[in-house]
Amino acid sequence: MTETEPSSRLVMSSPQSTNCSMKAQATSSLKKKYFYSQLFLFLLLQLLFTLSLLSYWYLFPLSVQKPCLPAQVAPSITPVLTILLWTWPFNQRVSLQGLRCSGPWTKEANCRITLNRIWYKRAHVVIIHHRDVSSRPSMQLPSEPRPAGQRWVWFSLESPSHLNNLAAMDGLFNLTMTYRSDSDIFTPYGWLKPREGPKNSSLARPPYPKTKLVAWVVSNWKEDSKRVTYFRMLQLYLSVDIYGKNHKPLSTKDQLSVLSEYKFYLAFENSLHQDYITEKLWNNALAAWAVPIVYGPPRHNYERFLPSDAFIHVSDFTSPEELAIYLMILNKDEKRYLAYFQWREHLEVVTRSGWYQEFCKACRILQQPPTYRTLPMLSRWFS
Ligand SMILES: *[C@@H]1O[C@H](CO)[C@@H](O)[C@H](O)[C@H]1NC(C)=O
Ligand SMILES: *[C@@H]1O[C@H](CO)[C@@H](O)[C@H](O)[C@H]1NC(C)=O
């Protein structure tokens with residue numbers, strides 16, 4: 001092999017190359033290819049070996065002495081990040097899939113997520129779910145001194161109207177993780193993504209027959225609340241089917257199929273706050289192909305997340321009566337009703353699939369190098 005190579009090189013440089021020399025040239029380039037592929041494989045194996053060694057060190061930093069990482073290798077490797085979940089949100093346990101984030105959601109993410117507080121001293125990040133520490137913050141927040149460089153993430157999908165003791169969180173946290181789009185880790189209840197493939201006009205109409213008019217699922221019924229007051233007035237002109245506690249029963253299993261029989265859905269939020277747009281819109285209305293009638297933050301806030309013709313906002317009308325009249329017009333005019341589905345030709349609805357997804361999103365974002373900061377007035381920001 002080593003002998004043929006130089007000779008073939010000689011032949012190559014000669015202007016009168018023969019058939020024979022071309023053959024030699026071909027074999028030599030084959031051999032060269034073979035050599036480089038072997039070299040590449042060797043380097044790849046070396047790299048893999050180094051990586052696994054390094055991740056072993058980061059994963060099991062239990063030995064008393066810290067391993068000395070070779071100075072020229074360490075900075076170029078993204079370390080495994082240890083994330084301590086201070087509690088299960090609302091005590092709802094979820095599978096952490098072997099405590100490792102994987103899949104397209106966490107492209108390049110590499111975290112070890114644990115609930116075991118024994119890791120507190122070594123955790124790079126602690127995610128703290130507000131509702132689980134808000135009844136007695138001084139007792140429920142970590143009490144041991146914070147290790148140098150450890151970041152605390154303040155996590156809530158609830159609106160400030162349903163949170164207590166917000167001021168107790170001031171000056172403690174480094175990042176926010178909420179439904180607000182200006183959070184460090186934005187964890188919305190749902191979103192739209194561009195649809196793959198060519199435009200398909202059959203996607204611009206509901207795939208189910210729509211035999212009923214308006215539905216509302218409500219568990220937290222407060223007679224004197226603004227949304228119930230609005231509903232009472234609407235109901236004078238239009239019949240609305242109400243599901244939930246103290247109303248028509250509806251199991252989680254049947255919810256989607258039942259709601260998809262309706263043309264409209266009342267996506268009325270329980271409190272009005274910037275970006276507070278919940279599963280009422282994403283799961284109950286949009287996933288069921290019911291046109292959402294929204295009651296929540298102003299229209300322009302919804303339009304940051306949805307096309308303007310994807311929903312009806314109560315503020316589009318001067319009174320519940322006017323809204324009722326408009327809905328009855330749409331009920332009779334299929335063309336106008338279907339205009340609310342035009343956007344589905346190129347966009348599709350994604351709903352949240354559980355805590356796991358959010359923790360993995362956190363993993364991906366937290367792996368970017370930390371910028372040191374404290375949120376002095378978290379309670380003022382989250383209002
Ligand atoms: C359009 O979408 C419908 C429903 O999903 C599907 O059955 C049909 O094959 C699609 N047509 C094209 C051209 O992609
Ligand atoms: C996080 O916030 C704490 C509390 O204010 C602060 O002491 C610490 O330096 C911050 N850490 C980072 C990494 O910003």
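Order of appearance sets the numbers: ligands from 1, and atoms from 1 within every ligand.
- Residue-to-ligand polar distances keep Tyr372 apart from ligand 2: every N/O pair is separated by 3.5 Å or more.
- Each of the following atoms of ligand 1 lies closer than 4.0 Å to a heavy atom of Leu203: 2 (O), 5 (O).
- With 3.5 Å as the limit, one finds no donor-acceptor pair spanning the side chains of Ser134 and Asn164.
- For ligand 1, the atoms lying closer than 4.0 Å to a non-hydrogen atom of Ser202 are 1 (C), 2 (O), 3 (C).
- Electrostatic pairing of Arg373 and Asp184 counts as a salt bridge here, judged by a charged N lying under 4.0 Å from a carboxylate O.
- The single protein non-hydrogen atom nearest to atom 8 (C) of ligand 1 is Asn200 ND2, 3.8 Å, given as residue, atom name and distance.
- His313 and Asp316 form no side-chain donor-acceptor contact under 3.5 Å, judged by distance and modelled atom types alone.
- Using a 4.0 Å cut-off to heavy atoms of Arg373, the atoms of ligand 2 that qualify are 1 (C), 10 (C), 14 (O).
- Within a 4.0 Å radius of atom 5 (O) of ligand 1, the protein has at least one heavy atom.
- Here is the list of ligand 2 atoms found below 4.0 Å of a heavy atom in Arg151: 13 (C).
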| Where do Tyr179 and Phe382 land on the ring pair (Phe, Tyr, Trp, His ring centres under 6.0 Å) test, with the steps shown first? | CA-CA 11 Å; Tyr179 61 80; Phe382 203 65; 5.6 Å; yes

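- In terms of protein heavy atoms, atom 2 (O) of ligand 2 is closest to Asn174 ND2, 2.3 Å.
- At a cut-off of 3.5 Å, with distance as the only test, a side-chain donor of Ser181 or Arg304 sits close to an acceptor on the other residue.
- At least one N or O atom of Thr374 sits closer than 3.5 Å to an N or O atom of ligand 2.
- Sulfur-sulfur distance for Cys363 and Cys111: below 2.5 Å, consistent with a disulfide.
- Scanning the protein heavy atoms around atom 3 (C) of ligand 2, the nearest turns out to be Arg146 NH1, 3.4 Å.
- The aromatic rings of Tyr326 and Tyr340 stand perpendicular to each other, their planes meeting at an angle above 60°, with 30° marking the opposite boundary.
- For a threshold of 3.5 Å applied to N or O pairs, the pair formed by Thr371 and ligand 2 contains no separation below that value.
- Note: Trp216 and Trp221 have tilted aromatic rings, judged against thresholds of 30 and 60 degrees for the angle between ring planes.
- When only interatomic distances are considered, the shortest N/O to N/O separation between Gly171 and ligand 2 falls below 3.5 Å.
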